[in-house]
There are 2 protein chains.
Amino acid sequence: MVKLSTKGRYGVKAMFDLAQHVGEGPTSLKSIAERQGISEHYLEQLISGLRKAGLVKSIRGAQGGYLLGREPDKIRIGDIIRVLEGPIAPTDCVSEEAPEICSKAEFCVTRTIWEKVRDSIADVLDSITLETMLEDARKIESERSLYMYYI
Amino acid sequence: MVKLSTKGRYGVKAMFDLAQHVGEGPTSLKSIAERQGISEHYLEQLISGLRKAGLVKSIRGAQGGYLLGREPDKIRIGDIIRVLEGPIAPTDCVSEEAPEICSKAEFCVTRTIWEKVRDSIADVLDSITLETMLEDARKIESERSLYMYYI
DNA sequence: TTTATATCTTATAAAAATACTCGGGATTTG
DNA sequence: CAAATCCCGAGTATTTTTATAAGATATAAA
């Protein structure tokens, strides 16, 4: 329940991979797929949507690949998820986009629960950017080397 | 994405319906299904799980039906959702129950995101009980009659 | 200019999950 | 006994997910 599909998970992984290679020129899909353990063909479909949404830029041809469409601190996880999985919506009646109209909506008590769930998910996803993830990764890495040092 | 299935939605509706009839003796599945606009046979399957989990009690035979297994303020929406949709888990690696082991878990930055999503969903669902919903419903109803009065 | 490297597009499809549907059996009340 | 109700398991249609595949297009480098 309330489960992310592989689209969202793979997409975030791929975007984070791109963020880790910012400033190194275009990154090929093949290398991302290999590092992240994702089918290249499948990832192709996902990144196509990300490109159309402007979250990544593509450079075709040999030595081509993908680049982030904006600075890592300007790309929220929520942006990625919405492109790949659609609007955040635990139920259709509280979808962020074009919620399904229900005649009982005004008096519906369950509806208010789903609204709270939707907002709490959106808050989390919109509070984290690729830059946040990079910082977390750096922190984990430095803790790891500190630990290695003491062995 | 991150969508509730009908199981969770119907289940919460049915449980709320039972809460609204507390103290009136057993409520038949048929009447719940009619009021909530749910297939009776389908609801039967769902309530079977709720019964096994102790969230409802059943009384068989003519004039039989279902009763809440505990006081409305002792039944959290999260309890209902977990029975019908399984543990809260935006991804398998951060499932509330038996999370899938991943060798990279310690260093995985995406994982921490899904943990935050999971916790925010659980917090919302566990902060709302059937009693909360009854209070909300009463509030809506009183506002509604006030409005009617002024017309 | 040719070749290798990539992205881009569309079509197909297997597998899994979802949402029911159906039939009949067990239990209790009147 | 008959009607009302819960109980249980099997079957099924639809949708979603998760790919796989083939080939077209674009570019850099040799």
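First the proteins, then the strands, lettered A, B, ... as listed; each starts at 1. Predicted model only: the values in this text are computed from it and were never measured.
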Student: Just to be sure I understand the rule, does A/I47 reach a base, reach only the sugar-phosphate, or reach nothing, if contact means heavy atoms closer than 4.0 Å?
Tutor: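 It contacts nothing in the nucleic acid.
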
Student: Taking everything shown except A/E40 itself, do over 12 heavy atoms lie less than 6.0 Å from its CD?
Tutor: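 Atom CD in A/E40 is crowded, with more than 12 foreign heavy atoms closer than 6.0 Å.
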
Student: Please determine if a side-chain N or O atom of A/S48 lies less than 4.0 Å away from the OP1 or OP2 oxygen of C/dC8.
Tutor: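 So the side-chain polar atoms of A/S48 never come under 4.0 Å of the phosphate oxygens OP1 or OP2 of C/dC8.
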
Student: How many Å lie between CD on A/E85 and P on D/dT17, as a whole number?
Tutor: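 Taking CD of A/E85 and P of D/dT17, I get 7 Å after rounding.
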
Student: Using whole Å, report how far CG of A/L29 lies from P of C/dC8.
Tutor: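 Between P of C/dC8 and CG of A/L29: 9 Å.
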
Student: Let me have a per-nucleotide readout for nucleotides 22-30 of chain D, 5' to 3', with B, S or -, counting only protein heavy atoms under 4.0 Å.
Tutor: ---BBBS--

Student: Can you tell me the distance, in whole Å, between the NZ atom of A/K3 and the P atom of C/dA16?
Tutor: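 That distance rounds to 14 Å.
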
Student: Using a cut-off of less than 4.0 Å, is there contact between a side-chain N or O of B/S5 and OP1 or OP2 of C/dA19?
Tutor: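 For B/S5, the contact criterion (side-chain N or O under 4.0 Å from OP1 or OP2 of C/dA19) is met.
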
Student: Is the shortest distance from a Lys or Arg side-chain nitrogen in A/D123 or B/K116 to a carboxylate oxygen in the other one below 4.0 Å?
Tutor: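 So A/D123 does not pair with B/K116 through a salt bridge.
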
Student: If the threshold is 4.0 Å, N to carboxylate O, is there a salt bridge linking A/R70 and A/D79?
Tutor: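 So A/R70 pairs with A/D79 through a salt bridge.
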
Student: Using whole Å, what does the distance between atom C1' of nucleotide C/dT7 and atom CD of A/E40 come to?
Tutor: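 In whole Å, C/dT7 C1' lies 10 Å from A/E40 CD.
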
Student: Quick test of your reading of the model: are B/K74 and B/E131 salt-bridged, counting only N-O distances below 4.0 Å?
Tutor: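 Looking at B/E131 together with B/K74, the answer is no, because their closest N to O distance does not fall below 4.0 Å.
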
Student: For the pair made of CG in A/L43 and C1' in D/dT20, what is the distance, rounded to whole Å?
Tutor: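 For the pair A/L43 CG and D/dT20 C1', the rounded distance is 14 Å.
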
Student: Mapping B/Y42 and A/Q45 onto DNA chain C by nearest heavy atom, which one lands closer to the 5' end?
Tutor: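 This one resolves to A/Q45.
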
Student: Looking only at side-chain atoms of B/S28, point me to the closest of C/dT7, D/dT5, D/dA19.
Tutor: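 Nearest to the side-chain atoms of B/S28, counting from C-beta on, is D/dT5.
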
Student: Any side-chain N or O of A/Y10 below 4.0 angstrom from OP1/OP2 of D/dT17?
Tutor: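 A/Y10 to D/dT17 OP1/OP2: no side-chain N or O under 4.0 Å.
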
Student: Does C/dT21 have its OP1 or OP2 closer than 4.0 Å to a side-chain nitrogen or oxygen of B/S39?
Tutor: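 Affirmative; the distance criterion is met.
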
Student: Nearest whole angstrom, please: distance from the C1' of C/dC8 to the CG of A/L46.
Tutor: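 About 14 Å, once rounded to whole Å.
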
Student: Is the count of non-hydrogen atoms from other residues, nucleotides or ligands lying under 6.0 Å from B/E24 atom CD greater than 12?
Tutor: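 Yes, the 6.0 Å shell around CD holds more than 12 heavy atoms from other groups.
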
Student: Using whole Å, report how far CG of A/L4 lies from P of D/dT17.
Tutor: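 About 11 Å, once rounded to whole Å.
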
Student: Taking CD in A/E135 as the centre, count heavy atoms belonging to other residues, nucleotides or ligands within less than 6.0 Å. Is the count above 12?
Tutor: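 For A/E135, atom CD is crowded (more than 12 foreign heavy atoms under 6.0 Å).
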
Student: Ion pair present between A/K3 and B/D92, side-chain N to carboxylate O less than 4.0 angstrom?
Tutor: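 Judged by the 4.0 Å cut-off on N to carboxylate O distance, A/K3 and B/D92 do form a salt bridge.
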
Student: For B/K57 and D/dC6, give me the distance from atom NZ to atom C1', rounded to whole Å.
Tutor: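 In whole Å, D/dC6 C1' lies 17 Å from B/K57 NZ.
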
Student: Check whether any side-chain N or O of A/R51 sits under 4.0 Å from OP1 or OP2 of C/dA6, and answer yes or no.
Tutor: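 Negative; the distance criterion is not met.
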
